[in-house]
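Reading through the structure tokens given below for one structure.
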2 protein chains.
Amino acid sequence: MRLVIARCSVDYVGRLKAHLPLATRLLVVKSDGSVLVHSDGGSYKPLNWMSPPATLRVLSPDEADLEDGVAEQWTVQSAKTDDRLIVNLHEVLHDTSHELGVDPGLIKDGVESDLQRLLAEQIETLGAGYTLIRREYYTAIGPVDILARDSSGATVAIELKRRGDIDGVEQLTRYLELLNRDPRLAPVRGIFAAQQIKPQARVLAQDRGIDCVTLDYDAMRGVDDVESRLF
Amino acid sequence: MRLVIARCSVDYVGRLKAHLPLATRLLVVKSDGSVLVHSDGGSYKPLNWMSPPATLRVLSPDEADLEDGVAEQWTVQSAKTDDRLIVNLHEVLHDTSHELGVDPGLIKDGVESDLQRLLAEQIETLGAGYTLIRREYYTAIGPVDILARDSSGATVAIELKRRGDIDGVEQLTRYLELLNRDPRLAPVRGIFAAQQIKPQARVLAQDRGIDCVTLDYDAMRGVDDVESRLF
DNA sequence: AGTTGAATTTCGGGG
DNA sequence: CCCCGAAGTTCAACT
């Protein structure tokens, strides 16, 4: 990995065109040829970048560029697409290289699949007498997150989201439409379950007779922990 | 901006939990307190990070951490949420600071609004005799990208995307439902126009009687350029 | 400030 | 390999 601090301008040509005027920035060149252009602010997204695999070629600037004060020109060419990043370096303030090795990668906990597993294990969170039919119930238009039965024996389709948005309600509506054509399942009720549900999504769900349930992941994990400890 | 290369492990606690085992990585500390943790690979997204505004506190490791070889511990606390990033530095291989100043920011060309402008200017791309009614035709549920008339005088609602996905078809469907209630406009036909249309979106669109059109941005821009030069 | 929709999205999983 | 959906999405525009 190479770290360069330089006064530079940057042009990107590819899926769109973009330009960065002359300013001092951090350039990160990774060993797979990818390049990140960062300013001293904003969040994790670079101002501009080239995705790997890519190759960096260093060119001597032509006469016109020299007159503009360009000391060195980088052409970062994507290996797979014709995207190209051109960096005009006017002044290099720092330039170091470092051996990092391969990274073991990130371990996550608390994503949607965890939520789904927990809700399937603790299906009675939705009400007494609920029983699980199965997770990832496959239909022609995609898998229903959880299919269950309520205490009266009626089928319930559950759509699970971390953040409940209008799209999720649309998705569940399509599933319900399809499931209700199956006489072995019909009538199928819908439950929209999420850690947080947007007001608009809630209104749309109610309008379509879909119940909304907000889930407390920490509490569910807590129950899970207790169960793990006890048994 | 501070650049640190260190052998470190990282833990994130916030909207989810995540852990990075001990390895050598780049740590970027920006002046707004945000921190990026990058490996020497992958694309522009860091392995982990803290969004600004945030504050970095350096702690002396406790006894247990010292035994594990932790030389220094960083706690990066988000100012707005209770998200927290903890970096255990075992060995610092590089540590420099740099003054970058404020960045003038990125200038883009070729995003959806450009496509919309081009299609509105070249509405006959959709067929001979098409005329523009207006761009951004406002309705109660949001603006229709383009409203036009075909050669027979019938109203056409056009939804424009760079990448045509199922969501766009749903969106256009909602617009059509609403527009067709207006007797001055009805009957309104739908066209789903995008640079690329996903097969599933195409099927759904056809099922609902919506025409699909793929757009060639470069060609449209070319026509635009020629027109600009001629007139 | 909250909401909505796009993104050079990136990333991961499943067929 | 492509396709699809989730993301600590981020980002910008608009209400």
Side-chain angles (χ1 to χ4, degrees), chain A residues 10-18 34-37 42-52 54 76 78 80-85 105-106 108-116 136 138 141-143 145 159-163 165-168 171 194-196 198-201 217, chain B residues 10-18 34 36-37 42-52 54 76 78 80-85 105-106 108-116 136 138 141-143 145 159-168 170-171 194-203 217:
Chain A
V10 183
D11 286 278
Y12 166 78
V13 182
R15 278 161 281 190
L16 55 69
K17 290 178 183 175
S34 60
V35 173
L36 317 184
V37 182
S43 71
Y44 71 68
K45 198 175 179 181
L47 292 164
N48 215 326
W49 70 93
M50 181 54 65
S51 305
V76 187
S78 167
K80 293 198 169 179
T81 70
D82 52 6
D83 292 19
R84 182 178 297 193
L85 195 71
L106 191 68
K108 285 187 185 182
D109 170 45
V111 290
E112 196 193 274
S113 61
D114 296 314
L115 255 181
Q116 191 190 110
E136 302 285 352
Y138 288 98
I141 56 171
D145 288 337
E159 177 64 34
L160 203 68
K161 295 283 175 193
R162 231 173 39 81
R163 284 165 55 175
D165 223 329
I166 206 161
D167 287 1
Q171 200 179 334
Q195 284 182 277
Q196 191 184 26
K198 293 276 179 73
Q200 287 205 351
Y217 180 71
Chain B
V10 183
D11 287 277
Y12 165 77
V13 182
R15 277 162 280 189
L16 56 68
K17 288 178 183 176
S34 61
L36 317 184
V37 182
S43 69
Y44 70 67
K45 197 177 178 181
L47 293 164
N48 216 326
W49 71 92
M50 181 54 65
S51 306
V76 188
S78 166
K80 292 197 169 178
T81 69
D82 53 6
D83 291 19
R84 183 179 298 191
L85 194 72
L106 191 68
K108 285 187 187 181
D109 169 45
V111 290
E112 194 193 275
S113 60
D114 296 310
L115 254 182
Q116 191 190 111
E136 301 285 353
Y138 288 97
I141 56 171
D145 288 338
E159 177 64 32
L160 203 68
K161 296 283 176 194
R162 225 173 47 77
R163 284 165 52 176
D165 224 328
I166 206 161
D167 288 1
E170 294 284 11
Q171 199 178 334
Q195 285 182 274
Q196 192 186 22
I197 297 178
K198 293 280 177 71
Q200 285 207 354
R202 198 178 284 273
V203 170
Y217 179 71

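Per chain, numbering begins at 1; letters A, B, ... match sequence-line order. These numbers come from a predicted model, not from an experiment.
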**Message:** Measure CD/B/Glu136 against P/D/dC14 and give the value in whole Å, please.
**Reply:** 8 Å

**Request:** Kindly write out the residues that satisfy salt bridge (charged side-chain N to carboxylate O under 4.0 Å, His left out) with A/Asp109, not counting sequence neighbours, or none if the list is empty.
**Result:** A/Arg221

**Item:** Pairing residues for A/Val111 by the side chain to side chain contact (heavy atoms under 4.5 Å, CB included) criterion, not counting sequence neighbours
**Value:** A/Lys108, A/Ser113, A/Asp114, B/Leu16

**Asked** Touch check for B/Met50, heavy atoms < 4.0 angstrom, all strands: base, sugar-phosphate only, or nothing?
**Response** base

**Request:** By nearest nucleotide on DNA chain C, pick out whichever of B/Leu106 and A/Ile166 is the more 5' one.
**Result:** A/Ile166

**Request:** Kindly write out the residues that satisfy side chain to side chain donor-acceptor pair (under 3.5 Å) with B/Thr81, not counting sequence neighbours, or none if the list is empty.
**Result:** B/Ser78, B/Asp83

**Request:** Rounded to the nearest 0.5 Å, what's the gap from CD on A/Gln171 to CG on A/Asp145? Could you check?
**Result:** 7.0 Å

Can you give me the N/O atom pairs linking the protein to nucleotides 1-4 of chain C at distances under 3.5 Å, or say none if there are none?
from  : atom 1 : to       : atom 2 : distance (Å)
C/dT4 : OP1    : A/Gln200 : OE1    : 2.5
C/dT4 : OP1    : A/Gln200 : NE2    : 2.7

**Complete:** Applying salt bridge (charged side-chain N to carboxylate O under 4.0 Å, His left out) to B/Arg202 and not counting sequence neighbours gives none

**Prompt:** Just how far, in rounded Å, is C1' of D/dA6 from CG of A/Asp109?
**Reply:** 16 Å

**Request:** Quick one: pull up CZ in A/Arg163 and CZ in B/Arg15 and give me the separation to the nearest 0.5 Å.
**Result:** 8.0 Å

For nucleotides 10-13 of chain D, tabulate all protein N/O to nucleotide N/O atom pairs closer than 3.5 Å, reporting atom names and distance.
from   : atom 1 : to      : atom 2 : distance (Å)
D/dT10 : O3'    : A/Ser43 : OG     : 3.2
D/dC11 : OP1    : A/Ser43 : OG     : 3.3
D/dC11 : OP2    : A/Ser43 : OG     : 2.7

**Message:** The criterion is side chain to side chain contact (heavy atoms under 4.5 Å, CB included); which residues satisfy it with B/Ala54, sequence neighbours excluded?
**Reply:** B/Met50, B/Val76

**Request:** Tell me, please, which residues at least two apart from B/Glu136 pass side chain to side chain donor-acceptor pair (under 3.5 Å).
**Result:** B/Gln116

**Request:** To the nearest Å, give me how far apart OH (A/Tyr217) and C1' (D/dA7) are.
**Result:** 15 Å

**Prompt:** For A/Asp145 and C/dG13, what is the distance between atoms CG and P respectively, to the nearest whole Å?
**Reply:** 17 Å

**Prompt:** For the pair made of CD in A/Glu112 and C1' in D/dG5, what is the distance, rounded to whole Å?
**Reply:** 8 Å

**Any residue meeting side chain to side chain donor-acceptor pair (under 3.5 Å) with B/Glu170, in chain and number order, not counting sequence neighbours** = A/Arg174, B/Arg208

**Asked** For DNA chain D, what dot-bracket results from Watson-Crick or G-U pairs at under 3.5 Å, with [ ] for crossers and | for inter-strand partners?
**Response** |||||||.|||||||

**Asked** In chain order, what residues pass the side chain to side chain donor-acceptor pair (under 3.5 Å) check against A/Glu112, with sequence neighbours excluded?
**Response** none

**Request:** Whole angstrom is fine here: how far is it from OH in A/Tyr138 over to P in D/dC3?
**Result:** 19 Å

**Message:** What is the separation between atom CD on A/Gln116 and atom P on D/dA7, rounded to the nearest whole Å?
**Reply:** 12 Å

**Asked** Over how many whole Å does the gap from B/Leu16 atom CG to C/dC11 atom P extend?
**Response** 15 Å

**Request:** Sequence neighbours left out, what passes ring-ring contact (aromatic ring centres under 6.0 Å, His included) with A/Tyr12? Give chain and number order.
**Result:** none

